[in-house]
Amino acid sequence: LREIESTDTACIGPTLRSVYDGEEHGRFMEKLEARIRNHDREIEKMCNFHYQGFVDSITELLKVRGEAQKLKNQVTDTNRKLQNEGKELIIAMEELKQCRLQQRNISATVDKLTLCLPVLEMYSKLREQMKSKRHYPALKTLEHLEHTYLPQVSHYRFCKIMVDNIPKLREEIKEVSMSDLKDFLESIRKHSDKIGETAMKQAQQQRNLDNIVSQHPRISGGKKSKKEVCASSDLEVKTTSPMSEQDSGILDVEDEDEDEEVPGAQDLVDFSPVYRCLHIYSVLGAQETFENYYRKQRRKQARLVLQPPSNMHETLDGYRKYFNQIVGFFVVEDHILHTTQGLVNRAYIDELWEMALSKTIAALRTHSSYCSDPSLVLDLKNLIVLFADTLQGYGFPVNQLFDMLLEIQDQYSETLLKKWTGVFRNILDSDNYSPIPVTNEEMYKKIVGQFPFQDAELEKQPFPKKFPFSEFVPKVYNQIKEFIYACLKFSEDLHLSSTEVDDMIRKSTNLLLTRTLSNCLQNVIKRKNVGLTELVQIIINTTHLEKSCKFLEEFITNITNVLPETVHTTKLYGTTTFKDARHAAEEEIYTNLNQKIDQFLQLADYDWMAMEPGSKASDYLVDLIGFLRSTFAVFTHLPGKVAQTACMSACKHLSTSLMQLLLEAEVRQLTLGALQQFNLDVEECER
């Protein structure tokens with residue numbers, strides 16, 4: 001029992017088990033009940049002892065309950081009053097709560113709008129730039145929008161729409177800028193003629209300026225510096241920034257007075273579409289695509305430009321337009337090369353120029369071969385030189401063009417020779433083949449000024465007097481000089497040395513003398529109706545022309561400054577030409593004389609059976625001798641040897657012909673009287 005009372009309730013199990021397992025179960029129960037009765041008695045004693053305190057406590061509690069009820073009523077009344085008073089405050093608080101909520105929402109909205117408004121403004125600006133075709137700025141705006149502004153507000157639906165539109169806008173910018181480039185290329189193709197014309201005018205002005213500077217070195221400083229300043233300022237103005245927001249193709253240029261300065265080639269073209277398109281494609285990462293497209297299109301245009309019109313050879317304007325287009329094309333390419341990074345490179349330009357050079361030279365060879373007018377060939381040469389100088393000024397090699405000009409020079413010489421054939425033929429046909437009469441000092445000086453002739457005896461003679469030669473001598477001499485001038489004109493600006501120019505002029509002049517003039521003289525000499533007087537005058541004329549050859553040598557030396565003694569200097573063959581012509585004329589005189597003698601002999605009518613001779617020589621022979629006498633009187637102006645040879649030839653031919661008359665087969669018999677008459681004729685001849 002002590003264990004049960006002192007042990008924790010959870011641990012009484014073993015104790016109870018020992019009770020149940022033992023044999024004193026009944027005794028335990030008795031003891032337990034007795035123990036319980038003891039405890040009940042103790043509890044009762046304790047309750048009796050504390051009962052009065054319990055009663056007092058209950059009495060106190062009853063008093064407290066009444067007071068508590070009063071307090072409750074007061075609290076309830078106070079609460080009711082408080083509730084009534086707080087209703088208005090609650091309403092005000094609800095209103096304040098709602099106001100604070102709205103204020104917070106407005107503040108959040110302002111914050112969100114502060115983030116969204118720049119996006120919307122940038123998008124609006126982008127649309128405006130697209131509308132006004134300011135594509136490069138639009139692309140920059142698009143980049144800022146995509147990378148800076150949209151990520152801050154990417155959760156909004158309108159931003160997602162914008163993000164979806166960005167690739168489409170990029171493609172649109174790409175297409176529009178490519179369209180601008182196509183328009184630019186088309187404009188360049190149409191206006192390359194004008195660009196080239198302007199560039200060639202500039203080159204011509206520079207050449208004129210250089211000539212002025214070389215002639216007047218004192219004034220060179222101001223003009224040259226002005227030209228350079230203008231050129232540099234033009235370049236600075238027209239190197240348009242790719243940020244430029246205005247697109248335009250070829251600028252209109254009004255016709256200017258000749259006195260005004262020719263605008264620079266770059267002044268005619270606005271290259272900003274190319275720059276913009278290049279930058280746009282660079283930003284879009286497609287620069288290589290753009291470069292390939294540009295080069296491919298320009299190659300196509302180059303082939304079109306290099307195709308000459310079929311009738312180009314007919315006029316100089318045809319050649320000029322052809323050259324203008326080529327120059328315009330390469331001026332544009334040169335400008336693109338120097339103002340862009342990598343769009344075109346030197347290798348590409350050189351490749352195009354090689355193609356252009358070969359095609360141009362082939363076209364010029366073909367078309368120039370059709371030209372028969374030396375003036376047109378000379379103008380063409382000047383145009384080719386200007387064309388070459390223009391492109392050389394832009395750094396293109398043009399040696400092949402000058403080599404080709406040397407080929408055209410041979411053709412020019414041939415056309416000159418053909419022209420001078422007609423000139424010489426007209427001079428020889430219109431000549432009267434009689435000495436030039438002069439009636440006063442003025443006429444005399446005029447002839448001497450035209451032809452180098454000096455004769456002291458003739459100068460002493462009084463007026464009127466005659467030069468020994470006919471008019472064709474000064475005319476032919478002057479035309480030879482004109483021919484030399486014409487040859488010299490072609491050699492100008494070809495960058496040839498004085499020796500090369502001298503050699504070219506001498507060779508061409510030799511061809512003129514040995515081929516052209518020689519043939520014309522031979523044709524005149526061999527004409528059927530040429531008379532002895534004309535032949536004699538031709539001999540006299542060629543003698544004087546032969547003497548004038550040394551003056552022609554001096555004339556060439558003076559204009560080329562190359563002395564005749566210089567090694568490899570070609571000599572003029574004029575002496576040989578005039579000697580050959582004179583010999584031909586002499587032979588023609590001998591032949592002509594013999595023919596005349598034969599004509600007179602045909603009139604001989606001998607009566608071989610006459611019994612008595614006549615009292616005088618035969619009439620035909622008297623006429624023949626009279627003709628010979630007058631003819632030989634003309635020969636007094638001929639060199640002695642020629643006159644003697646003519647006389648000997650005529651006498652020998654007459655002698656032989658008379659012998660043939662006597663020994664003709666038809667003369668079967670003759671009388672002494674006839675022989676005596678024949679003897680009279682022979683004696684007349686001797687006398």
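Counting heavy atoms from C-beta on, the side chains of Val398 and Trp353 come closer than 4.5 Å. Thr198 has its side chain out of reach of Lys201: every pair of non-hydrogen atoms, C-beta onward, lies at least 4.5 Å apart. Considering only heavy atoms from C-beta on, Leu386 stays 4.5 Å or farther from Asn382 through its side chain. Counting heavy atoms from C-beta outward, Thr516 and Leu511 have side chains that stay 4.5 Å or more apart. Here the side chains of Lys381 and Tyr412 are not in contact, with every heavy-atom distance at 4.5 Å or above. Using a 4.5 Å heavy-atom threshold, the side chains of Thr415 and Asp373 count as separate. In this structure, the side chains of Thr509 and Leu552 stay at 4.5 Å or more apart for every pair of heavy atoms. Residues Phe424 and Leu512 are in side-chain contact: their nearest non-hydrogen atoms beyond the backbone lie under 4.5 Å apart.
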Passes side chain to side chain contact (heavy atoms under 4.5 Å, CB included), Thr390 versus Phe323? Steps please. CA-CA 10 Å; Thr390 303; Phe323 288 144; over 6 Å; no
Residues Glu554, Asn558; criterion side chain to side chain donor-acceptor pair (under 3.5 Å); working and verdict: CA-CA 6 Å; Glu554 290 176 6; Asn558 289 336; 5.7 Å; no
Could you give me the CA-CA distance, side-chain angles and deciding distance for Asp429 and Arg527, then say whether salt bridge (Lys or Arg N to Asp or Glu O under 4.0 Å) is met? CA-CA 11 Å; Asp429 289 346; Arg527 276 193 310 213; 3.1 Å; yes
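Between the Lys359 side chain and the Pro308 main chain, no donor and acceptor come within less than 3.5 Å of each other. Put simply, the side chain of Lys579 never gets that close to the backbone of Glu546: no donor and acceptor are under 3.5 Å apart. Here the side chain of Thr340 pairs no donor or acceptor atom with the backbone of Leu337 at under 3.5 angstrom. Of the possible polar contacts, one joining the Tyr322 side chain to the Leu306 backbone as a donor-acceptor pair under 3.5 Å is found.
Nearest heavy atom pair, residue Arg295 against residue Leu343, reads NE-O, 3.0 Å. Here the closest heavy-atom approach between residue Ile525 and residue Ala581 is recorded as CD1-O, 3.3 Å. Of all heavy-atom pairs spanning Ser518 and Thr514, the tightest one is CB-O, 3.2 Å. Nearest heavy-atom pair across Ala388 and Leu401 is CB-CD1, 3.9 Å. The heavy-atom pair separating Phe290 from Met178 by the smallest distance is CD1-CE, 4.5 Å. When all heavy atoms of Leu185 and Gln301 are compared, the pair lying nearest together is O-NE2, 3.0 Å.
The stretch residues 318-345 participates, sequence neighbours left out, in these salt bridge (charged side-chain N to carboxylate O under 4.0 Å, His left out) pairs: Arg298-Glu333, Asp317-Arg320.
For Gln400, there are no side chain to side chain donor-acceptor pair (under 3.5 Å) partners, not counting sequence neighbours. Judged as a side chain to side chain donor-acceptor pair (under 3.5 Å), and not counting sequence neighbours, the contacts of Glu414 are Arg515. For Thr560, the side chain to side chain donor-acceptor pair (under 3.5 Å) partners two or more places apart in sequence, or in a different chain, are Asp502. With sequence neighbours left out, the side chain to side chain donor-acceptor pair (under 3.5 Å) criterion links Ser310 to no other residue.
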What side-chain donor-acceptor pairs closer than 3.5 Å can you find for residues 472-484, not counting sequence neighbours?
residue	atom	partner	partner atom	Å
Asn478	ND2	Pro474	O	3.0
Gln479	OE1	Trp420	NE1	3.2

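With rounding to the nearest 0.5 Å, the separation of OG1 in Thr577 from CG in Asn510 is 7.5 Å. Atom CD1 in Ile384 sits 4.0 Å away from atom CD1 in Ile408 (nearest 0.5 Å). One finds the SG atom of Cys487 at 10.5 Å from the CG atom of Leu378 (value rounded to the nearest 0.5 Å).
The ring of Phe330 has its center closer than 6.0 angstrom to the ring center of Phe396.
Using a cutoff of 4.0 Å between basic side-chain nitrogens and carboxylate oxygens, Arg189 and Glu186 are scored as salt-bridged.
A donor atom on one side chain and an acceptor atom on the other are found under 3.5 Å apart for Tyr275 and Thr339.
The 12-atom threshold is not exceeded at CD of Glu288, counting heavy atoms of other residues, nucleotides or ligands nearer than 6.0 Å.
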